[in-house]
Structure formats: structure tokens, C-alpha cells
Amino acid sequence: MSERSELIKKYSVTDNVFSTLENQVDPNDPQSSEYWRWRIDQYLYGAYPEYQAIYDNYTEGKTFHQIYELPQEDLGPKKVLPSSLPKLPDGYFTDNLQGNPHTGWRDVIGDKVFITYQGHLTDPYIASYDLKTHRWDGPYKAAESTLSKGDRKIDSHGRPIIEQDSKGHFHIIYGGHGGEREDGLNPLSIDTPHAGGRMLHVMSEKPNDISKFVYVNDITPFASYTASEKMANGDIYLFTRAGTHKSPWVYYKMKNGEQTFEPPVVITIPTPQVENPINVDTFYINPMKVSDTEIVISSLWHECNFLEVHDKSTYSRINAYYMKLDTTTDTFYNAENEKLTLPITLEVANQKTLAFDSTQREETPFTTAPLILADKVPAVAYQARTKDYREWRMTVFKDGQWEHSKPMPGTANRTLVDSENNTISNIGKLEILTKEPNSYTAAVTYKDRQGKAVFAIAKSADAQRWRIDQTYLNLAKSRIEMEIVKASNGQGVAVLLNVKKGSAQRLYLWRDGQFRPR
């Protein structure tokens, strides 16, 4: 404790986060001092690695509650399912999914679609569907998650992803939302776990076999969120946030021929605000492979704080940013092809990678996504939110500058009508499945005039004027999330749907004009 005090005194000369956190202690609350001792320990541990050996030696062999006199963690209660669930149409391939807003991660390998999703009590499940024989394998429970066990609330952050390595083994990464208190302090972060759930990595025991998986210990248990890309040379890149909100975003690389990830590379790093150090500037990122060798990363600025107070109107999500990773050299560049030095702070991001400045505008990006445009120019999509609307827009880099608040590709003059030529205005998603000369097919979700959620297939001769060809779902008081399953040539081979009605929620696979139940 004396060594700890000396380090805090040493670094407090130039770092006023320590005094800011110490000032949060409530003298009338006996637990407040212990809580903020824990928070200060994590800040010191992550920001100044000199402390790590001191702390690890002090806490060796001790449990969390032997180190800190704090009450048991309360992350519940879990919502109790009703005794009977609303009826959903036949055709699903999963059991009921409690509290899962995702459609599952998918990959097309050969003639099979592999799908991973967060199933019962957030455990990772995997299934495959043969596009030719129409037969299912699975779903199998691949592993155990710590995310929502016991009385903890169902947490959707643990969504599993899947990649196949060059030796044929499948890898699933899943379950993370900050790690567990018993995992100790996070060496990559200044933020303590506050949502629970370890990030875990499992690998199929046998090549090309999804029936049994084994654990691989090569990634941080504190991570949150999962996204991955497999490059043309077989290298696999895993992108994740290395902890809770006030944590760096990193990537892990599994080289072709290997079956474990290399140590993480820090992409963006959080920084406490100098004038108001209770606030921390950090990011949300979203990667997407745009070529055999390049990954584009869009991001937004997230203004967080050590008090864990979150603005529910905008969630303090600001601006949109663009950069790309050349995987041949693992070098990052901005839209001007200027080489970037990692890690990226907010100051650097605003100077080098800013694609849309929303600080003086009403519209606030809630999330961002990279775009691939026909002319290959850099572009970022962002979901603009105000008190009156939510809609996707884009910012495009042309003639050396960014042009924002543009309509999404193909939407400026797009129309959609139903089979009776009634205009459909409340479109959720319209994505092209297949395209041939003068003949386009798209999957679409929308709300009809009665407010029912609809999934349908639409046809068009010019990709602008669309007409509903066939409706497959039309449900009252429901929500439908949709993702297109694409082959390597970009053609859609199937559609994944997450259909929710009350407490009933299932995944569906649509292929060649019908749902494919297992």
C-alpha cells in the first residue's frame, strides 16, 4: 500500500485523474471508499504498468472479496419468461432465444452456410446448412458462457463469431462483456468490469467438424464485442474492445497455418479529458474487408465517464471516422493515404481520420459502418439520430474532402410498392440478393400500413423501382432483423432473420423461396 501511495503521488503531479476519482468517495457510505479504491487500482494498473507487479504480488492467492470489502455483484434480475410464448410461424431452426437482437454470425464455405448465434443463457451455438442437399447439421452447443448465468440479466454482447483456419478447424470467439471480477485487473484498460462475461475462444476438435470444440487460451477475458475478417492469404483478424467502455480497441491476428492468435495490437486508446477528467474520450469501431488485402474501419467518438452515467438520448456518440488497414504490411492509412501511427487518440482521430463532424449538428451518429461504393472512393455510413427521426446516411470522400449527410447508395430515387401498387414508405432494409441484366432480386423488411412487420422478396428492372413479388412473413406486434448470406462472389445465397414477438424469438433461414427448418 505504501508503494501504491508513492506511485499515485508521483503520477498525480501530471495526472489529475487520481484526485478526481478520490473526490468521488462518499464519506457517509462505508462501501464508497472500497469501491473507489478498486477503480483507482484499475486506473493505475492500466495506465501505469509499473504498478502491475506490485499489485499482482499483493493480491496473489486472494479472491476479489478478500481484496475489496464490497457486496456481491448485482447484475440481475433475469426477466422471467411467461409460461406460454406467443406463436411464431413455422420454419425456424433454433430454440427460443431470450433477449438476443442479433441474426447470428455466418460464413459460406463451399456448399455450406455456417451460422453461430447466442442461444440458451447466452451460450454459443453453431449449425451448418447444406445449400445443395438442404440438410442441417446441428445446432450444437459449442461451449459455455459466463455472461448471463444465475440471476444475471440476458446480455446480447456475447454474440459469437466463426472463422475456419487453413487446417480446416473452426474457431468461435464469444461471450465477452468486460470479464469477471475474479479475473483480477485488466492490463489493457483503465476501466473495471461492470457487466460481466468472459471473452472466450474455442476451436473445433476435428477439421470440418462442428460437433465438438476445445478451449484455446490466447485472448483477454475482459474483451467486449466481436468482429473478424479472413483475408485472401488465410490470415484471420479478430477485432474487439479490450474491456468495458473506457478501453482500447485492438486486433488479434492468426497467421495462415497457425491456430492461435498473436498478442493484441492496440488500434485506438481512451484518454481522460484534461479539463474534466471524470470524462473519458473513447471509440466504437466497425471493421469490414473491402478487398483481398484491405480492411476499412469506421468509428465514432464515445464520450464516457468514470461515474457510469450514460445519456440515453444520444448515448454520447459523436462524429464519424474512417481509416483502412493494409494487411500486407499491417499498416493503417487515412482517406488521403497518409500513414497513421498507432494507437489513435481522439486528438489524432480528429486531425487525421474525421469523416463527419457532428458536434455542431442536431443529427448524431448512433453507429457507423464502412461502405463499398461502385467507384471505390472512401465512404462511411452512419445512423443519424435526432429526437424526430432515425435514418441511415453516408459521408463520402471526394476531391480531397468529405461530403456528409448524403443518401445511402441506391436510395435517393428508390421506390417500393406492394402487389397492389401501394407505396411502402417504412422500409427497414432492402438489400439486393442477385442481379442480372435488367433483373434484380432483393430481400426486404418493412412495416405495412397496419404496422405489421413484413419480410418479402422484391423485383426490379433498374434497382430503383421495386415491387413486392412474394411475402413470406407478415406479423403484428413483431420485429424482424435481417442479414443477407453472401457467397464469395457477392451474390446472396440465403437470408437470415431474427423474428421476435413478445418473449418468443427465433432464427430463420430463407433459401430459394422458402424457410428451411431443421
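Numbers for residues simply follow the sequence, beginning at 1.
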Self-check item: For Ala384, all residues meeting side chain to side chain contact (heavy atoms under 4.5 Å, CB included), sequence neighbours excluded
Solution: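 So Ala384 forms a side chain to side chain contact (heavy atoms under 4.5 Å, CB included) with Glu363, Tyr382, Tyr389, Arg393.
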Practice problem: Show the numbers, then the answer: is there a side chain to side chain contact (heavy atoms under 4.5 Å, CB included) between Ile219 and Leu238? | Solution: CA-CA 10 Å; Ile219 59 175; Leu238 165 67; 4.2 Å; yes
Practice problem: In sequence, state the C-alpha distance, the side-chain angles, and the governing distance for Thr367 and Gln383, and then conclude on side-chain hydrogen bond (donor to acceptor under 3.5 Å, both in side chains). | Solution: CA-CA 6 Å; Thr367 188; Gln383 188 188 54; over 6 Å; no
Quiz item: Between Leu342 and Ile267, what is the shortest heavy-atom contact and its length?
Solution: CD2-O, 3.7 Å
Can you tell me if [atom1] on [X] sees more than 12 non-hydrogen neighbours from other groups inside 6.0 Å?
| X | atom1 | value |
| --- | --- | --- |
| Lys435 | NZ | no |
| Asn421 | CG | yes |
| Asp462 | CG | yes |
| His120 | NE2 | no |

Within the 3.5 Å criterion, strictly below it, is a donor on [X] or [Y] matched to an acceptor on the partner's side chain?
| X | Y | answer |
| --- | --- | --- |
| Asn256 | Ser166 | yes |
| Asn413 | Gln464 | no |
| Lys459 | Thr441 | yes |

Practice problem: Fit a plane to each ring of Tyr440 and Trp466, take the angle between them on a 0 to 90° scale, and name the class: parallel (under 30°), tilted (30 to 60°) or perpendicular (over 60°). | Solution: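 Perpendicular, since the angle between the ring planes exceeds 60°.
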Quiz item: Do the ring planes of Tyr284 and His245 sit parallel (below 30°), tilted (30 to 60°) or perpendicular (above 60°)?
Solution: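 It falls in the perpendicular class, over 60°.
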For [X] and [Y], indicate whether the former's side chain and the latter's backbone hold a donor-acceptor pair under 3.5 Å.
| X | Y | result |
| --- | --- | --- |
| Thr395 | Ala355 | yes |
| Thr103 | Glu483 | no |
| Arg106 | Val485 | no |
| Lys132 | Asp111 | no |
| Ser189 | Asp191 | yes |
| Lys141 | Pro124 | no |
| Thr240 | Ser224 | yes |
| Arg465 | Ser460 | no |
| Gln118 | Gly158 | yes |
| Asn498 | Gly104 | no |

Listing, residues 320-327 side-chain donor-acceptor contacts under 3.5 Å, not counting sequence neighbours, or none:
unit_1: Tyr321; atom_1: OH; unit_2: Asn319; atom_2: ND2; d: 3.0
unit_1: Tyr321; atom_1: OH; unit_2: Asn350; atom_2: OD1; d: 2.6
unit_1: Lys324; atom_1: NZ; unit_2: Asn337; atom_2: OD1; d: 2.6
unit_1: Asp326; atom_1: OD1; unit_2: Thr328; atom_2: N; d: 3.0
unit_1: Asp326; atom_1: OD1; unit_2: Thr328; atom_2: OG1; d: 2.5
unit_1: Asp326; atom_1: OD2; unit_2: Thr328; atom_2: OG1; d: 3.3
unit_1: Thr327; atom_1: OG1; unit_2: Thr293; atom_2: O; d: 2.7

To the nearest 0.5 Å, tell me how far [X] [atom1] sits from [Y] [atom2].
| X | Y | atom1 | atom2 | answer |
| --- | --- | --- | --- | --- |
| Lys477 | Lys452 | NZ | NZ | 11.5 Å |
| Met199 | Asp183 | CE | CG | 12.5 Å |
| Asp107 | Ser488 | CG | OG | 10.0 Å |
| Gln259 | Ile236 | CD | CD1 | 9.5 Å |

Quiz prompt | Cation over ring face, Arg241 and Tyr225, 6.0 Å, 45° | solution = no
Quiz item: Going through the checks in order, is the side-chain hydrogen bond (donor to acceptor under 3.5 Å, both in side chains) test met by Ser148 and Lys78?
Solution: CA-CA 8 Å; Ser148 297; Lys78 187 180 270 88; over 6 Å; no
Quiz item: Which is it for Leu509 and Leu497 under the side chain to side chain contact (heavy atoms under 4.5 Å, CB included) test, yes or no, and what are the steps along the way?
Solution: CA-CA 6 Å; Leu509 182 74; Leu497 299 174; over 6 Å; no
Quiz item: Of all residues at least two apart in sequence or in a different chain, which pass the side chain to side chain donor-acceptor pair (under 3.5 Å) check with Lys352?
Solution: Glu338
Quiz prompt | Pairwise ring pair (Phe, Tyr, Trp, His ring centres under 6.0 Å) hits with a residue in residues 81-113, at least two apart | solution =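 Checked against ring pair (Phe, Tyr, Trp, His ring centres under 6.0 Å) - neighbours excluded - the pairs reaching residues 81-113 are Tyr92-Tyr508, Phe93-Trp136.
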Salt bridge check, [Y] against [X]: does any charged N sit closer than 4.0 Å to a carboxylate O?
| X | Y | answer |
| --- | --- | --- |
| Lys429 | Glu481 | no |
| Glu262 | Lys255 | yes |
| Glu205 | Lys212 | yes |
| Arg135 | Asp130 | no |
| Lys253 | Asp330 | yes |

Quiz item: ring-ring contact (aromatic ring centres under 6.0 Å, His included) with His201: which of Phe170, Tyr252, Phe261?
Solution: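 Single ring-ring contact (aromatic ring centres under 6.0 Å, His included) partner of His201 among Phe170, Tyr252, Phe261: Phe261.
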Quiz item: Going through the distances and angles, do Phe114 and Tyr129 end up as a side chain to side chain contact (heavy atoms under 4.5 Å, CB included)?
Solution: CA-CA 7 Å; Phe114 292 86; Tyr129 174 80; over 6 Å; no
Exercise. Go through Leu121 and Lys149 one step at a time and tell me if the side chain to side chain contact (heavy atoms under 4.5 Å, CB included) criterion holds.
Key: CA-CA 6 Å; Leu121 295 179; Lys149 295 302 191 289; 4.1 Å; yes
Practice problem: Keeping to residues at least two apart or across chains, list the salt bridge (Lys or Arg N to Asp or Glu O under 4.0 Å) pairs with something in residues 408-420. | Solution: none
Practice problem: Can you run down the salt bridge (Lys or Arg N to Asp or Glu O under 4.0 Å) pairs that involve residues 93-103, sequence neighbours left out, and say none if there aren't any? | Solution: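 As it turns out, the salt bridge (Lys or Arg N to Asp or Glu O under 4.0 Å) pairs with a partner in residues 93-103, which skip direct neighbours, are Asp95-Arg518.
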Self-check item: ring pair (Phe, Tyr, Trp, His ring centres under 6.0 Å) between Phe366 and Tyr315, worked out
Solution: CA-CA 8 Å; Phe366 182 74; Tyr315 289 86; 5.7 Å; yes
Exercise. Start with the C-alpha gap between Trp301 and Phe283, add the side-chain angles, then the distance that decides, and say whether ring pair (Phe, Tyr, Trp, His ring centres under 6.0 Å) holds.
Key: CA-CA 5 Å; Trp301 164 25; Phe283 298 89; 8.5 Å; no
Quiz prompt | Test side chain to side chain donor-acceptor pair (under 3.5 Å) applied to Thr146 and Arg152, Glu180, His177, Arg198, the passing residue | solution =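 Between Thr146 and the candidates, side chain to side chain donor-acceptor pair (under 3.5 Å) is satisfied uniquely by Glu180.
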Quiz item: Is the distance between the ring centroids of Phe239 and Trp249 less than 6.0 Å?
Solution: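 For Phe239 and Trp249, the ring centres are not under 6.0 Å apart.
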Quiz prompt | With Tyr446, the side-chain contact (heavy atoms from CB on, under 4.5 Å) member among Ile480, Asn426, Ile468 | solution =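 Between Tyr446 and the candidates, side-chain contact (heavy atoms from CB on, under 4.5 Å) is satisfied uniquely by Ile468.
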